[in-house]
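Counting starts at 1 for both ligands and their atoms, in listed order. Just so you know, these numbers use all the heavy atoms, side chains as well, and skip hydrogens, waters and symmetry mates. Just so you know, residue 1 is the first one in the sequence shown, and it goes up from there.
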Amino acid sequence: MTPSEGIERFIRPDLMNFGGYSARRSPETLEGRVKIPAEDIIKLDANENLYGCSPRVSQALAGYPDLNIYPDNGQTRLRKLLEGYTGVDARHVVAGSASNQLIDLVLRLFISKGDEVINCVPTFGIYRFSTELCGGILVEIPRDENFAVSVKAVKAAISGKTKIIILANPNNPTGTITPRQDILELVDTGLPVLVDEAYYEFSRETVAPLVSRYKNLMVLRTFSKWAGLAGLRIGYGIFPLKIADYLLRIKHPYNVNVVALVAVQESLKDIDYLLSRVKAIIAERERLFGELKKLKWLKPFPSQANFILCSVLNGKASQLQQRLQDKGILVRYFNQPLLQDSIRISVGKPRDTDILIKTLQELGEEING
Ligand SMILES: Cc1ncc(COP(=O)(O)O)c(C=O)c1O
């Protein structure tokens, strides 16, 4: 008998077959699988910011003296800084170890076993992950062929067990925007509505200024994408006061570390620099879109985020992903009911686009003869 045998009977039955979240491979874990040195790998698979963070952040962290001191559990300074950035009163703001943690926290607040979560698919996988971790039931509403949300279908799916509607805006992996009036129509149902604006700085579409007018509208944001801090894990949400209060009560103590506070402070001091990078990524997104469109065997979808989804019209997306990986270019592929044979390409620097497009042209000749 091994020491762990029989331990299953103590584990929550609903988690016995829980699949977990399939996170992207980091270049280090690819070592040995790909014949390209880790530093030459072009990482376009996780919607990261390839320009990196503000140099001010790296400088400030190098000399940071107080790692031995716990952060402020009430996030007072951090929330004030975020008030300055968002224009929303700090009392509405709750920060977390990136938006993933806030998604988890919001779902823990609303979802008990058997409660329903309305999710507009295809969308970001964490919503399923966190719902199932809470014992909730995911009610999936398919988006249309252009990945637009049908408000009518969402409303028709509401039952006595529905506790929340989640909407990524822009949506990942499709890059699609849901118009403000549609979001407000969902808010008018009275159900909690969580709008995930992880890519806000790229789309500039937001309902954050409206949160204080409603009791049930919540907005999530992150520093992972526009500010290049995905590895550091810092995000925040804008909530009605009552919900903010509950979230502050149920969050883990000290859930945002001390370096995250410094990183936010320095990023916001360097906002012009960071937003100029965002502008460069948006310009590059448009160039990449044009180049992808020229390849007749891929169909790119217009995007308001820092990535582009493409249908692979000729061949298997999984094979294309593998061929690109062999050449040191990482992209994400999907093959699910509403997202068949598709790849998602994060927007990198101009050189990344050049190498990607040249490689796709070569692969296209191979694939299409
Ligand atoms: C829609 C959406 N929300 C949230 C996240 C997670 O971001 P964070 O790094 O803040 O946890 C992502 C990351 O890809 C995303 O696409």
Side-chain angles (χ1 to χ4, degrees), residues 21-26 43-50 52-53 57 78 82 85-86 93-107 117 119-131 133 143 147 149 164-178 183 193-203 205-208 218-238 251-252 255-257 259-260 263-264 267 274 281 285 301 303-309 330-334 339 342-348:
Y21 182 72
S22 103
R24 297 304 85 223
R25 283 212 178 96
S26 60
K43 196 168 179 320
L44 305 177
D45 61 342
N47 304 341
E48 291 144 332
N49 185 332
L50 297 194
C53 66
V57 172
L78 182 55
L82 294 168
Y85 176 57
T86 61
V93 178
V94 179
S97 172
S99 40
N100 279 352
Q101 189 186 56
L102 291 158
I103 293 163
D104 177 67
L105 204 62
V106 167
L107 288 173
V117 174
N119 196 30
C120 302
V121 290
T123 192
F124 185 40
I126 289 285
Y127 310 142
R128 165 182 288 282
F129 171 88
S130 292
T131 299
L133 215 45
R143 290 166 177 261
F147 304 116
V149 171
I164 192 167
I165 299 167
I166 307 182
L167 200 64
N169 205 35
N171 186 41
N172 175 12
T174 62
T176 333
I177 283 283
T178 300
I183 297 174
V193 176
L194 182 65
V195 182
D196 181 348
E197 296 183 354
Y199 302 95
Y200 157 68
E201 283 76 7
F202 299 95
S203 73
E205 290 278 340
T206 182
V207 287
M218 302 169 277
V219 171
L220 297 185
R221 300 268 189 85
T222 181
F223 277 66
S224 292
K225 314 295 179 180
W226 73 282
L229 289 172
L232 191 134
R233 316 304 294 137
I234 175 71
Y236 61 98
I238 298 168
K251 76 174 183 60
H252 277 277
N255 66 320
V256 177
N257 64 56
V259 300
V264 167
S267 297
L274 288 172
I281 293 168
R285 178 185 74 203
F301 289 90
S303 167
Q304 296 293 309
N306 66 346
F307 54 81
I308 294 178
L309 182 77
L330 308 186
V331 299
R332 176 93 196 258
Y333 88 90
F334 301 89
L339 214 51
S342 303
I343 57 166
R344 189 195 64 199
I345 305 167
S346 308
V347 180

Trainee: Compute the minimum heavy-atom distance from Gln101 to ligand 1 and say whether it is under 4.0 Å.
Mentor: no

Trainee: Report the nearest protein non-hydrogen atom to atom 1 (C) of ligand 1: residue, atom name, distance rounded to 0.1 Å.
Mentor: Asp196 OD2, 3.4 Å

Trainee: Looking only at heavy atoms, what is the nearest atom pair of Asn255 and Ala95, with distance?
Mentor: ND2-O, 3.1 Å

Trainee: Scan side-chain atoms only and decide if Tyr199 and Asn47 contain a donor-acceptor pair under the 3.5 Å cut-off.
Mentor: yes

Trainee: May I ask you to list the atoms of ligand 1 that are less than 4.0 angstrom from any heavy atom of Tyr127?
Mentor: 1 (C)

Trainee: Let's go through Tyr200 and Val219 carefully: what are the C-alpha distance in whole Å and the side-chain angles of both, what is the deciding distance for side-chain contact (heavy atoms from CB on, under 4.5 Å) to 0.1 Å, and is it a yes or a no?
Mentor: CA-CA 10 Å; Tyr200 157 68; Val219 171; over 6 Å; no

Trainee: Is there a donor-acceptor pair closer than 3.5 Å between any side-chain N or O of Asn169 and the backbone N or O of Glu197?
Mentor: no

Trainee: Check Val57 against Ala263 and note the closest heavy-atom contact, atom names and distance.
Mentor: CG2-O, 3.6 Å

Trainee: Short list, please: which atoms of ligand 1 are under 4.0 Å from a heavy atom of Arg233?
Mentor: 8 (P), 9 (O), 11 (O)

Trainee: Measure the acute angle between the ring planes of Trp226 and Tyr85, then classify it against the limits of 30° and 60° as parallel, tilted or perpendicular.
Mentor: parallel

Trainee: Considering non-hydrogen atoms of the protein only, which is the closest contact for atom 13 (C) of ligand 1, and what is the distance?
Mentor: Lys225 NZ, 3.1 Å

Trainee: Around atom 7 (O) of ligand 1, find the nearest protein heavy atom and jot down its residue, atom name and distance.
Mentor: Ser99 OG, 3.2 Å

Trainee: For Tyr199, state whether at least one heavy atom is located under 4.0 Å from any atom of ligand 1.
Mentor: yes

Trainee: State if Phe307 counts as touching ligand 1 under the rule of any non-hydrogen atom under 4.0 Å.
Mentor: no

Trainee: Mark up the atoms of ligand 1 that fall under 4.0 Å of a heavy atom belonging to Ser224, in ascending order.
Mentor: 8 (P), 9 (O), 10 (O)

Trainee: Write out the residue and atom name of the closest protein heavy atom to atom 12 (C) of ligand 1, then the distance separating them to 0.1 Å.
Mentor: Phe124 CZ, 3.3 Å

Trainee: Would you say Asn172 has any N or O atom under 3.5 Å from an N or O of ligand 1, going by distance alone?
Mentor: yes

Trainee: Are side-chain N/O atoms of Thr123 and Asn171 paired as donor and acceptor at under 3.5 Å?
Mentor: yes

Trainee: Assess the residue pair Asn172 and Arg344 against the criterion (side-chain contact (heavy atoms from CB on, under 4.5 Å)); give the C-alpha distance rounded to whole Å, side-chain angles, the decisive distance to 0.1 Å, and a yes or no.
Mentor: CA-CA 9 Å; Asn172 175 12; Arg344 189 195 64 199; 2.9 Å; yes

Trainee: Between the side chains of Arg221 and Thr86, is a donor N or O closer than 3.5 angstrom to an acceptor N or O?
Mentor: no

Trainee: In terms of atom number and element, which parts of ligand 1 are under 4.0 angstrom from non-hydrogen atoms of Ala198?
Mentor: 2 (C), 3 (N), 4 (C)

Trainee: By number and element, which atoms of ligand 1 are closer than 4.0 Å to a non-hydrogen atom of Asn100?
Mentor: 6 (C), 11 (O)

